[in-house]
Number of protein chains: 2
Amino acid sequence: MIADALVRVAGRGGLHAVSMRAVAAEAGVSLRLVQYYFNDKSELMHAALLQLERQSAERLAGRLARLPSPPPARAYIEAFLAEALPTDARSREFHFVWTSYAVLAMGDAALAEQPFVAGPDRQERQLAGVLRRARTDGELAVGADPAAEAARLLTLSHGLGTSVLVGQRTAAAAEEVLRYHLDRLFTVPGPAPAPE
Amino acid sequence: MIADALVRVAGRGGLHAVSMRAVAAEAGVSLRLVQYYFNDKSELMHAALLQLERQSAERLAGRLARLPSPPPARAYIEAFLAEALPTDARSREFHFVWTSYAVLAMGDAALAEQPFVAGPDRQERQLAGVLRRARTDGELAVGADPAAEAARLLTLSHGLGTSVLVGQRTAAAAEEVLRYHLDRLFTVPGPAPAPE
DNA sequence: CACTTCGTGATACGGATGTACCATAAAGAA
DNA sequence: TTCTTTATGGTACATCCGTATCACGAAGTG
């Protein structure tokens with residue numbers, strides 16, 4: 001798929017390395033073909049962004065599907081956040097390109113609307129719902145507000161993700177901060193760390 | 001200054017709108033002059049980044065200088081984080097351009113080294129130092145780990161900042177999340193919110 | 001068969017960009 | 001005075017980019 005080629009190109013050289021020609025070469029097709037399927041460059045960029053979003057949602061769904069049912073709140077949230085950190089090379093590519101799009105969207109409200117506003121809003125509500133249920137089950141620390149905690153979780157994981165991408169922190173260090181955060185949010189302990 | 005012109009151009013159209021000609025026009029000088037002071041485009045970009053960093057440090061220093069001495073830990077940290085959120089137009093421009101550079105640095109380890117690794121590392125240590133002192137003074141919640149808390153504060157504020165830039169959250173909402181976070185971190189209450 | 005649509009290729013065009021080169025004028029040093 | 005350095009402008013050049021155009025075969029349809 002051509003949109004995949006765009007992601008690969010952007011994963012190597014950033015979004016500013018994405019040109020119609022570079023994408024065509026990466027996909028092994030002619031420039032004309034890229035023009036044929038996506039008339040514009042903007043259409044191509046938009047399509048690649050939609051595809052990134054879809055793939056990410058699928059990966060998250062896969063993680064959640066592997067949970068026991070009903071999923072424990074902490075496991076659910078850990079699955080959620082595991083997808084939000086750039087741990088392996090594939091995930092790193094994804095987050096790099098995704099963040100590049102996010103910066104692009106900071107100067108273009110129309111581009112931002114669906115993926116960067118509506119998407120995180122939905123995730124935040126979803127997370128808040130899980131936290132509300134956990135609170136009635138008495139699993140949350142006292143005084144925890146589900147909506148505020150959902151916002152904290154998402155923004156914290158995004159911030160950690162960029163600090164990893166930029167090379168300030170290793171993915172393992174970011175996961176440790178996240179674990180620390182969850183330990184202070186939940187009253188029930190998380191899973192024991194794997195022995196080394 | 002020419003580097004200021006670069007920041008203004010990037011603040012409007014993002015870093016990809018920055019060209020030698022655009023910067024020259026914004027600064028009201030000839031293209032040749034931009035070439036004269038900064039031989040390369042990469043030198044120009046680098047210089048503008050350094051200037052952004054310096055200005056940000058100066059603003060932070062100004063905030064900290066206006067604090068009573070010795071500054072209360074919470075006030076100190078609030079000053080720190082106030083600088084980290086895009087509240088007004090000037091701050092928004094700064095964070096937009098800064099984040100654009102951060103994304104650029106994700107694909108260029110050399111560019112990232114000084115401003116995006118060493119800088120946040122230093123800030124994190126600085127914050128951890130303040131938190132350590134607050135802990136010995138009994139101002140921190142029980143079980144709080146200064147290093148982990150510093151990491152949480154910085155990454156949380158960065159994540160909140162990008163969510164504001166992208167339009168998902170208002171700056172006021174971000175400040176509220178931050179206040180919530182600090183309320184759970186400190187045992188002593190923060191300043192009362194201004195009556196409306 | 002004739003014709004239209006779809007998929008793919010090669011290439012041309014206008015514009016923007018980074019960089020290089022030439023020129024000029026002021027100022028200071030010899 | 002002559003020379004060198006500093007500061008500034010104008011312009012040309014090669015390259016790349018997005019887009020448009022022409023071309024051609026395969027496939028399906030009447």
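Just so we're on the same page: letters track the sequence lines, and every chain starts at 1. The analysis underlying the following values was restricted to heavy atoms, covering all of them including side chains, and did not include hydrogens, waters or symmetry mates.
The footprint of chain A on DNA chain C, defined by a heavy-atom cutoff below 4.0 Å, extends from C:dC6 to C:dA12. The footprint of chain A on DNA chain D, defined by a heavy-atom cutoff below 4.0 Å, extends from D:dC17 to D:dC22.
Between A:F38 and A:M20, the closest side-chain pair of non-hydrogen atoms is not below 4.5 Å.
No donor-acceptor pair closer than 3.5 Å links the side chain of B:S91 to the backbone N or O of B:D88. A distance-only check finds no donor-acceptor pair linking the side chain of B:S56 to the backbone of B:L52 [under 3.5 Å]. With A:H181 contributing its side chain and A:V177 its backbone, the two residues share no donor-acceptor pair below 3.5 Å.
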ask   = What do the steps show when you test B:E124 against A:Q168 for side-chain hydrogen bond (donor to acceptor under 3.5 Å, both in side chains), and what is the final call?
value = CA-CA 11 Å; B:E124 211 170 303; A:Q168 191 213 344; 3.2 Å; yes

Donor-acceptor contacts, no H, no angles, side chain residues 3-17 of chain B, under 3.5 Å, sequence neighbours left out:
from: B:D4; atom 1: OD1; to: B:Q51; atom 2: NE2; distance (Å): 2.4
from: B:R8; atom 1: NE; to: B:E26; atom 2: OE2; distance (Å): 2.7
from: B:R12; atom 1: NH1; to: B:E26; atom 2: OE1; distance (Å): 3.3
from: B:R12; atom 1: NH2; to: B:E26; atom 2: OE1; distance (Å): 2.9

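The number of heavy atoms from other shown groups lying within 6.0 Å of CD (A:E176) does not exceed 12.
Taking the ring axis of B:Y76 as reference, the NZ or CZ atom of B:R63 does not stay both within 45° of it and closer than 6.0 Å to the ring centre.
Of the two residues near DNA chain D, A:Q35 and A:A17, the one whose nearest nucleotide lies more 5' is A:A17. Nearest-nucleotide positions on DNA chain D place B:S30 closer to the 5' end than the other of A:R21 and B:S30.
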